[in-house]
Amino acid sequence: MADRNVPPRRSRDDRGWDGYQNPLPDRYHVDTASPYAAPYAGPGGYAPPAPPAPGPQWVGPDGLGAAGYAPPPGTGLPDLDDDDEPRTGRRRALAALGAAAVVAGGAALAMSPQVRGLFGDDPVGDATGTVTTDGTAARPSGQQPSTVRTYTEQNESYMGSRAGAALKRNSPSGGRLFASPAAAASATPVTVKTVLAKDPIRHLASRATFGATPKVLADIRRLGIDDWLREQLAPEKIAPTKAELKLAELPSLKLTPQQLRDQRDQLNERGVDPARETIDATIARQIWSDRQLFEVMVDFWNDFLHVAADFDGGEIYRNAFDRDVIRKHALGSYPDMLVAANKHPALLLYLNQNDSRKDAVNENLARENLELYSVGVDGGYTEKDVRQAALLQTGRGVENTRYVFRADRHYLGKVKILGFSHANNSADPKAADKVIDQYIRYLALHPSTAAYVARNLATRFVSDTPPKSLVDRLAKAYTTNRGQIGPVLATMFRSSEFWAAVGQKVRRPMEYLVATYRTLGVGPNASPGFKGDGRRTAFAQGLRQVQDKLRQLGQYPMGKPTPDGYADVYVAWTSAGTMVDGWNEAGDLLAGWRTEFTYAKPERLVAKPPATAGAYVDALALRLVHQKLSAREKALVLGVAGVTAGTKVDATLNGAIAAVARTILASPQHHLR
């Protein structure tokens, strides 16, 4: 369903963020949440269609009464056929330095079935008694979505390619749980083929942060693996960095949705786009925060429980969603996070729940709660479950920037969704709202959700093809700890599968760029002689430039328009053009062209440059990618400088230091994490 649930989107730039929800076909807008809005006459005389005939209707992702959602003539029954075309994954080549290895991949992404139907108009009904003839022979309402698809979820769809099969052959299998992460690291041999150094400290820094730095590596060695992880799992005790304190220069970050609405004109005059500032702040934290594991988990949840920043309404609500849902619960309770998300204006507007009422039921949020945010498409739910969940969730909406429950829009009647059942017959708004919370919490603690969260965490931190032994172990930890994420992560770091998977993850475009900023030691202050635009600070302008670059690369925080978030496997990102764009940005950073920030000159990256070219390349590789290159790779890098290993060189590597550093940053050692 995620591929159909694309909320209204418009282009954004620094000219402001004025706009409304519910765009009409002529691209004008009506500022109302009601599907029965008064006619609006825009240029060309457009007016919305007349209100539908009386009686309940089913609303799918195309809206109320959209073409294709009427029952088949003469039957009066809903049509559950899926008329979407498959979506083809990207097939690109990724050429790695030296090996010139090309890995191509991609897979057709099938679409979710579209649920359409009509319901009785009794004040109190029974949604469990759906007519057995509902749907078609090929797509009955009782059928599980996974039985009518060729894949289970987004990452799996990519891994079904030939490239995915090749990666599976090089993945570690099996494993065991140790008493501590340090014990697991010490006892686990690395047997997979990889160009990365089999150094557990480097491996931990690459997976639990957005990129190893000399400081991070030194901290892990000083504290030890166990104590460093213990510190990272308690981010509230880690002091903010200077860059995090500079986030005060982004004026919209601390404003409430109501304040953002009230100060809209003033913020526009200052060139402030709140949705973009939310992205800017996330990028800054990824680059400069010392709470690195926390930021990695924030990014994980922003893909898992995804609300795009660039939807109409994101400028008002997305920052509050980031603060009050994702960041508040990133290392805490996922059931609490999912309950909070389902009562947050951002998600309610993003997936059209604000428009759902008992006589015009919108399925979007109900479906994604099942398919993306909890049990997963193969988690056991049926199309009938989706319909009943959508009925149960009616009444939730947004008024005056706040969550509200509208009892007059809420369906009353018995529901049964997976193993959750309830009479749902109370007219008391608080009681009715509480039933929905109980259902959401039930989903979050469902065994299929435990497995789904575990698989996604293992894919993010361990391997594109995580071993079943690890997924099962993480799912058990999730269930035992009632959805608390800290213990699940602790279990993962105590598992041998984590430490055996060196080099089994490739950085996505955003991760590559952020890691490049981190390893080059780019600073958040402006370079001498910086000249700004007089409206925003150098820091704010620099972050916006980084965001724009990430948009060009195809990945930025909260960036995907559909609710499924970004894919987290290598074959989804095999784009040679994107890779070259990342290398170009590395060259710009080495040249110090973004004067909004400060840089170490390339010749000062190594404190005491060796006198010979070969030794200098070794030292520079240790500084930038935290290990030496292979003999073949080293020879290629020396060829870029036009020297041999024994050539005498100065601190600038005879003028080639920037080119050599950029080449090292294009190596597999920097692309892998």
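Every value quoted in this text rests on a predicted model; they were computed, and no experiment measured them.
Ring planes of Y334 and F304: perpendicular class, angle over 60° (limits at 30 and 60°).
Shown here are the salt bridge (Lys or Arg N to Asp or Glu O under 4.0 Å) partners of R508, two or more places apart in sequence or in another chain: D299, D303, E511, D568. Residues satisfying the side-chain hydrogen bond (donor to acceptor under 3.5 Å, both in side chains) test with Q484, not counting sequence neighbours, are none. Residues passing the salt bridge (Lys or Arg N to Asp or Glu O under 4.0 Å) test with D324, sequence neighbours excluded: none. Taking K601 as the reference, nothing meets the salt bridge (Lys or Arg N to Asp or Glu O under 4.0 Å) condition, with sequence neighbours excluded. Partners of R270 under the salt bridge (Lys or Arg N to Asp or Glu O under 4.0 Å) rule, at least two apart in sequence or in another chain, do not exist in this structure.
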Please report the C-alpha distance between F597 and W288 in whole Å, then the side-chain angles of each, then the deciding distance to 0.1 Å, and finally whether the ring-ring contact (aromatic ring centres under 6.0 Å, His included) criterion is met. CA-CA 12 Å; F597 303 131; W288 289 296; 5.5 Å; yes

Step-by-step side-chain contact (heavy atoms from CB on, under 4.5 Å) determination, F321 to T278: CA-CA 10 Å; F321 188 82; T278 301; over 6 Å; no

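Between the side chains of Y517 and E585, at least one donor N or O lies within less than 3.5 Å of an accepting N or O.
A salt bridge is absent between D588 and R594; no separation between the charged side-chain nitrogens and carboxylate oxygens falls under 4.0 Å. The pair E295-R327 meets the salt-bridge criterion, since a charged nitrogen lies less than 4.0 angstrom from a carboxylate oxygen. Ion pairing of K215 with D219 is present here, as a side-chain N (NZ or NE/NH1/NH2) and a carboxylate O approach within less than 4.0 Å. Salt-bridge formation is not detected for the pair D226/R494: no Lys NZ or Arg NE/NH1/NH2 atom is positioned less than 4.0 Å from an Asp or Glu carboxylate oxygen.
Put simply, the side chain of L331 reaches to within 4.5 Å of the side chain of F294, judged on heavy atoms.
For the pair T519 (side chain) and L624 (backbone), a donor-acceptor distance under 3.5 Å is present.
Sorted pairs that involve residues 196-205 and meet salt bridge (charged side-chain N to carboxylate O under 4.0 Å, His left out), not counting sequence neighbours, are lacking altogether.
Cation-pi check for R551 over Y556 is met; the charged atom lies under 6.0 angstrom from the ring centroid and within 45 degrees of its normal.
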